[in-house]
Engineer: 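So that we are looking at the same thing, I have put the structure below in structure tokens.
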Amino acid sequence: MLDRKLIRKDPERVRAGIAAKGARFDLDGFLLLDERMRDLLQETEALKHRRNTVSQDISRLKKEGGDVSALLAEMKQTSARIKEIDAELKETEERMQQIELTVPNLPHRTVPPGTCAKDNPVVRESGPIPELPFQPLPHWEIGETLGVLDLDAGAMLSGRGFVVLRGDGARLSRALSALMLDIHRDQGYLEYAVPYLVGREAMVGTGQLPKMEEDMYLCEKDDLFLIPTAEVPLTNLYRGAILDGDLLPIRATALTPCFRREAGSYGQDTRGMIRVHQFDKVEMVRWTTPETSYDDLEVLLGDACAVLDALELPYRVIELCGADLSFSAAKCYDIETWSPGVGRWLEVSSCSNFEDFQARRGGIRFRRGAGARPEFVHTLNGSGLALPRVIATILEMNQTPTGKVRIPKALVPYLGGQEYLEA
RNA sequence: GGAGAGGUGGCCGAGAGGCUGAAGGCAACCGCCUGCUAAGCGGUUGUAGGGGUAAAACUCUACCGAGGGUUCGAAUCCCUCCCUCUCCGCCA
């Protein structure tokens, strides 16, 4: 949610920011509603003031035995009028809130302009991509041959886009999760285990609702959503809270499955484990102050890259241009790792600063000291990392001509000393 | 799922139609005093929104779990919902 005062005071800046994201918003209509709302507010508040004072008079006069019938009659009318105005006020306010929930966050001034993914500049590369001295296979072939990946079983159980990991594949996934969580714990993140089903309010708080409802799995009986990312339960942990400023930045991490309908993405990236409806991901969230949040974003990005460094996987960091930024983000870096089997860069992490956009929606604030006014925190999150694509690139980057797959050194202890995956 | 109890400020806790933004206590902050520490004394301390201002000051309105209703007037009466606790049932 944007600051209503900002929309009021600097509509052109809002207009420009939304345009940079390639979104549309009837700003003028909103401003009209806002003006109407304030007119109504003033009228009803003046009437309420009158009612409050007259009510006192009535009480006093009654005690003195005076005649209050004229005042009662007047107040009856006044109250009726107040009721009318308040009804319209409520409706106006609700309409404004509905609109506000669909207005995207504004991009930070440093966000590169652009209209599509091609305009995302590469801002960092881990190093040269090692060339494999033979024709690399895609992970689904390696996985099926080793018996660690069973796509048919996934499709049979739940349909296309669901995968089954088997034996060392499942163990590799578990080992990766543990490694990632340990790395982030060392970086100062508190580990959580959170619900995978959340209420509407949580989804509105982080910005998935109302706009992205079609992409979410919903358990209708209980009106609970399957989380698309641990960002939702984690960020909402502090919904409505006023945090102690001295404790910022607060850091949290969690491993959860993520559920995404991926509506409308049929035909794209459908092979193997690249785009699936359910996948495990380790997520990091930071709550911080407005003045430090962009430093936090760089730290967060580094915290995510550290996982790829540990796994010895080549990667690059791209910065999303305006049009490619998600609804809630003000700035975002994607980390991509190289998949020699698919011949493409695969996104394994997205690190974003939401500034106070989510904090406004969820009412997450902090106080700089005793007696200071509460201010909205800035929230950030980043994947650290999404598992399936990491598993895919490990299989592909570490494949050998004999069909074995070398396990990255950092993972070996998590697999009981095992150094290779083999059939 | 059934039965009961309850949700009031940072916390505890009174209030049972008007004099209550809310007693009392605790905590925090500021000042005084005490040669340390503790105690003591005085004062201050909620949130949101509107108006106002260069910014303040100031001012109005709302807020006692949420939403409706009754009334000139609701923390207080009525209805609905949510949450917490206790007991019973069911279940990994």
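Basis for what follows: all heavy atoms, side chains included, without hydrogens, waters or symmetry-related copies. In what follows, chains carry the letters A, B, and so on, assigned in the order in which the sequence lines appear, proteins first and then strands, with residues in each chain numbered from 1.
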Engineer: Applying side-chain hydrogen bond (donor to acceptor under 3.5 Å, both in side chains) to Lys281(A) and Thr256(A), what does each step give before you reach the verdict?
Structural biologist: CA-CA 6 Å; Lys281(A) 175 163 64 63; Thr256(A) 71; 5.8 Å; no
Engineer: With rounding to whole Å, what would you report as the distance between rC64(B) and rG10(B) at their C1' atoms?
Structural biologist: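 Per the computed distance, 16 Å lies between those C1' atoms.
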Engineer: Taking for each residue the nucleotide of RNA chain B bearing the nearest heavy atom, is the 5' side occupied by Arg50(A) or by Pro374(A)?
Structural biologist: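 Closest to the 5' end, via its nearest nucleotide, is Pro374(A).
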Engineer: Using the P atom as the point on both nucleotides, what is the distance between rU47(B) and rC36(B), in whole Å?
Structural biologist: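 Going atom to atom, P in each nucleotide, I get 35 Å.
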Engineer: Between which nucleotides of RNA chain B, read 5' to 3', does contact with chain A run, using atoms under 4.0 Å from its heavy atoms?
Structural biologist: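 Taking any atom under 4.0 Å from a heavy atom of chain A, the span is rG18(B) to rG73(B).
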Engineer: Take atom C1' in rG52(B) and the same atom in rG68(B), then report the distance between them in whole Å.
Structural biologist: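 Pairwise C1' distance, rG52(B) against rG68(B), rounds to 34 Å.
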Engineer: Using the rule given for side-chain hydrogen bond (donor to acceptor under 3.5 Å, both in side chains), can you reason through Tyr217(A) versus Arg260(A), listing the C-alpha separation, both sets of side-chain angles and the distance that settles it, and then say yes or no?
Structural biologist: CA-CA 7 Å; Tyr217(A) 286 102; Arg260(A) 302 185 179 180; over 6 Å; no
Engineer: Check whether any side-chain heavy atom of Gln97(A) sits under 4.5 Å from a side-chain heavy atom of Leu101(A), and report yes or no.
Structural biologist: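 Counting from C-beta outward, Gln97(A) and Leu101(A) never come under 4.5 Å.
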Engineer: Roughly how many Å apart are rG24(B) and rG35(B), using the C1' atom of each and rounding to a whole number?
Structural biologist: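 Going atom to atom, C1' in each nucleotide, I get 36 Å.
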Engineer: Please check if the number of heavy atoms outside Glu298(A) that lie under 6.0 Å from its CD is greater than 12.
Structural biologist: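 Enclosed: over 12 neighbouring heavy atoms sit under 6.0 Å from CD of Glu298(A).
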Engineer: Taking only the P atom of each, what is the distance from rU8(B) to rC85(B) in whole angstrom?
Structural biologist: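 About 14 Å, rounded to a whole number of Å.
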Engineer: Mind checking which stems touch RNA chain B? I mean at least 3 consecutive Watson-Crick or G-U pairs, both distances under 3.5 Å.
Structural biologist: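 B:1-7 with B:82-88, B:10-12 with B:24-26, B:27-32 with B:40-45, B:46-51 with B:58-63, B:65-69 with B:77-81 - these are the stems of 3 or more pairs that involve RNA chain B.
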Engineer: Please answer whether the main-chain N or O of Ala117(A) pairs with a side-chain N or O of Asn120(A) as donor and acceptor at a distance below 3.5 Å.
Structural biologist: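 It does hold such a pair.
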Engineer: When you compare the side chains of Thr379(A) and Gln358(A), does any donor N or O come within less than 3.5 Å of an acceptor on the partner?
Structural biologist: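 On atom types as modelled, these side chains qualify, holding a pair under 3.5 Å.
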Engineer: Centre of Phe327(A)'s six-membered ring, under 6.0 Å away, within 45 degrees of the axis: is that where NZ or CZ of Lys211(A) sits?
Structural biologist: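 Negative - Lys211(A) is either too far from the ring of Phe327(A) or too far off its axis.
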Engineer: Run the side-chain hydrogen bond (donor to acceptor under 3.5 Å, both in side chains) check on Gln418(A) and Arg171(A) step by step: do they pass?
Structural biologist: CA-CA 11 Å; Gln418(A) 189 175 333; Arg171(A) 291 180 65 228; 2.8 Å; yes
Engineer: For Arg367(A) and Lys5(A), take the nucleotide of RNA chain B holding the closest heavy atom to each; which residue's nucleotide lies nearer the 5' end?
Structural biologist: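 Upstream on the strand: Arg367(A).
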Engineer: Considering residues at least two apart in sequence or located in another chain, which fulfil the ring-ring contact (aromatic ring centres under 6.0 Å, His included) criterion with Phe259(A)?
Structural biologist: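 For Phe259(A) there are no ring-ring contact (aromatic ring centres under 6.0 Å, His included) partners, ignoring immediate neighbours.
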Engineer: Mind running side-chain hydrogen bond (donor to acceptor under 3.5 Å, both in side chains) on Asn398(A) and Glu312(A) for me, showing each step along the way?
Structural biologist: CA-CA 10 Å; Asn398(A) 296 357; Glu312(A) 306 157 53; over 6 Å; no
Engineer: For Leu224(A), is there any backbone N or O sitting under 3.5 Å from a side-chain donor or acceptor partner on Asp222(A)?
Structural biologist: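 Not a single qualifying donor-acceptor pair exists.
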Engineer: Taking only the C1' atom of each, what is the distance from rG67(B) to rC83(B) in whole angstrom?
Structural biologist: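 To the nearest whole Å, 15 Å.
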Engineer: Would you indicate what Arg8(A) reaches in the nucleic acid, counting non-hydrogen atoms under 4.0 angstrom: base, sugar-phosphate, or nothing?
Structural biologist: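 Sugar-phosphate contact only.
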Engineer: Of all of residues 53-66 of chain A, which get a heavy atom below 4.0 angstrom from RNA chain B, listed by number?
Structural biologist: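 Of all residues in residues 53-66 of chain A, the ones placing a heavy atom under 4.0 Å from RNA chain B are Ser55(A), Ile58(A), Ser59(A), Lys62(A), Lys63(A).
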Engineer: Suppose the criterion is ring-ring contact (aromatic ring centres under 6.0 Å, His included): which pairs have a residue in residues 69-116 of chain A, not counting sequence neighbours?
Structural biologist: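 Sorted pair list: His108(A)-Tyr294(A).
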Engineer: Using a heavy-atom cut-off of 4.0 Å across all strands, would you classify Arg365(A) as base, sugar-phosphate, or nothing?
Structural biologist: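 Arg365(A): backbone/sugar contact only, no base atoms under 4.0 Å.
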Engineer: Only one of Trp287(A), Phe366(A), Phe376(A), Tyr192(A) forms a ring pair (Phe, Tyr, Trp, His ring centres under 6.0 Å) with Tyr238(A), so which one is it?
Structural biologist: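 Only match with Tyr238(A) under ring pair (Phe, Tyr, Trp, His ring centres under 6.0 Å): Trp287(A).
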Engineer: Could you check if a side-chain atom of Pro107(A) sits within less than 4.5 angstrom of a side-chain atom of Lys331(A), using non-hydrogen atoms only?
Structural biologist: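 Counting from C-beta outward, Pro107(A) and Lys331(A) never come under 4.5 Å.
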Engineer: Given the P atoms of rA38(B) and rA27(B), what is the spacing between them in whole Å?
Structural biologist: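 Per the computed distance, 12 Å lies between those P atoms.
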Engineer: When rounded to the nearest Å, what value does the distance between P atoms of rU61(B) and rC19(B) take?
Structural biologist: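 Taking atom P in both rU61(B) and rC19(B), they lie 13 Å apart.
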Engineer: Strictly below 4.0 Å, heavy-atom distances to any atom of RNA chain B: list the hits from residues 38-48 of chain A, or just say none.
Structural biologist: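 Going residue by residue through residues 38-48 of chain A, the ones with a heavy atom under 4.0 Å of RNA chain B turn out to be Arg38(A), Leu41(A), Gln42(A), Glu45(A), Lys48(A).
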